[in-house]
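As the structure is a prediction and not an experimental result, all values here were calculated from the model. Each chain gets a letter, A, B and so on, in the order the sequences are listed, and its residues count up from 1.
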2 protein chains.
Amino acid sequence: MSDMQDSERLARIFKALMHPARLDILEILRDDEHCVCHMEAHLGYRQAYISQQLTVLREAGLVDDRRDGWNIFYRVSEPRVFNLIDQARAMLGISGDTARAATQPAACPCPKCAARKNAHEKQSLVTDV
Amino acid sequence: MSDMQDSERLARIFKALMHPARLDILEILRDDEHCVCHMEAHLGYRQAYISQQLTVLREAGLVDDRRDGWNIFYRVSEPRVFNLIDQARAMLGISGDTARAATQPAACPCPKCAARKNAHEKQSLVTDV
DNA sequence: TAGACTTATTCGGTTTATTGAATATAATTA
DNA sequence: TAATTATATTCAATAAACCGAATAAGTCTA
């Protein structure tokens, strides 16, 4: 594995990034770790499909996962990958803002989003009074 | 073409870089433009093979070419691609020096190398006298 | 333990990339 | 114009990636 040519090891990184769905997934993971069903809701891909792409990212060493009850939370294990992506974005003249154009579902069923929603509702309940 | 998803346009860049031979070629073009036979001599790939990979790089908008007599000289049209490569290299902990590990042939038949060799011989002729 | 829920894996058909071999094209020189 | 040189393209076989469908594997709750 480490006796591989440099160019081949480099190529492996780029190969992991050469797929739109995987880039979308990484973009979702830019700010925080997230469970698969969160990505499912926000990206609109099927669960199995996302899981397949996550496997590629995991095998490339770009993401790690952690189980918490029912959910498995993925996070970027190599944050420098975002330097790569941002650099490529700059080459295309794409501003970083347009990156957040992922579908924002009316309601994400994932526990993290549910918790946040509950917090907000409690918040507005307080402010309403 | 420009109505493509951002992630798809990004993916295209990475797709062009996902191949070891193409990375080797870009590495040769890092310092200067070079003809195909120069790459052939320095990388050890067949001419047609290099030409095929150059076509991929050209279609990805990463290199441009210019004819000069018999030779066609290729150059990197988007130098920021080296930021990408260097960034990926950093992720792997590969120093930039090892990048220059391309085969150094005893004699490169390309006109640019021939010119340089002649200059050197003239030089040593002078110093010999 | 049964059932519900989330995520992973396997299988198979389709598409795309790779790459060697042969050949074509374009510029140059004699 | 014919021969030469450098490069590009085409073809075909193999390999790899893609991705939908079905199903398996963990984990939690009742």
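As a whole-Å value, the separation of E8(A) CD from dA16(D) C1' is 14 Å. The distance between atom CD of E40(A) and atom C1' of dC19(D), rounded to the nearest whole Å, is 15 Å. We find that CD1 of I50(A) is positioned 15 Å from P of dC18(D), with the value rounded to whole Å. With rounding to whole Å, D65(A) atom CG is found 10 Å from dT7(C) atom C1'. Between the NZ atom of K112(A) and the C1' atom of dT6(C) there is a distance of 16 Å, rounded to whole Å. Atom-to-atom, CZ of F73(A) to P of dA8(C) comes out at 12 Å; the value is rounded to the nearest Å. Between L43(A) atom CG and dT7(C) atom P the separation is 13 Å, expressed in whole Å. Straight-line distance from the CG atom of D68(A) to the C1' atom of dC28(D): 12 Å, rounded to whole Å.
Comparing dA8(D), dT29(C), dA8(C) against the side chain of W70(B) picks out dT29(C) as the nearest. For L54(A), the listed nucleotide lying nearest its side chain is dA8(C); candidates were dA8(C), dT7(D), dT9(D). Distances were taken from every side-chain heavy atom of C37(A) (C-beta onward) to each of dT18(C), dT7(C), dA21(C); the shortest belongs to dT7(C).
No option in V56(A), L57(A), V63(A) other than L57(A) meets the side chain to side chain contact (heavy atoms under 4.5 Å, CB included) test with I25(A).
A salt bridge does not link E8(A) with K15(A): none of the charged nitrogens is closer than 4.0 Å to a carboxylate oxygen. Salt bridge R46(A)/E40(A): absent, no basic N to carboxylate O contact under 4.0 Å. Between R58(B) and D65(B), at least one side-chain N (NZ, or NE/NH1/NH2) sits under 4.0 Å from a carboxylate O, which counts as a salt bridge.
Taking side-chain N and O atoms only, T55(A) has no distance below 4.0 Å to OP1 or OP2 of dA8(C). Residue K15(A) has no polar side-chain atom (N or O) positioned under 4.0 Å from OP1 or OP2 of dA16(D). A sub-4.0 Å separation between OP1 or OP2 of dT7(C) and a side-chain N or O of N71(A) is present. Between dC19(D) and H19(A), a contact under 4.0 Å exists linking OP1 or OP2 to a side-chain N or O. Look at R46(B) and you'll find a side-chain N or O under 4.0 angstrom from OP1 or OP2 of dG20(C).
Cluster annotation: L84(B) and M18(B) are assigned to the same hydrophobic cluster (Ile/Leu/Val/Met/Phe/Trp/Tyr, side-chain heavy-atom contacts under 4.5 Å, transitive).
Counting any heavy atom pair closer than 4.0 Å across all strands shown, M18(A) reaches sugar-phosphate atoms only and no base atom. Note on R67(A): only backbone sugar-phosphate atoms sit closer than 4.0 angstrom, heavy atoms only; bases stay farther off. The residue Y74(B) sits close only to the backbone: its heavy atoms come under 4.0 Å of sugar-phosphate atoms, none of a base.
The base of dA8(C) lies outside donor-acceptor range of the side chain of Q52(A), with no N or O pair under 3.5 Å. Between the side chain of Q47(B) and the base of dA6(D) there is no donor-acceptor pair of N/O atoms closer than 3.5 Å.
H34(B) and H38(B) have parallel rings, their planes meeting at less than 30° on a 0 to 90° scale where 60° marks the start of perpendicular.
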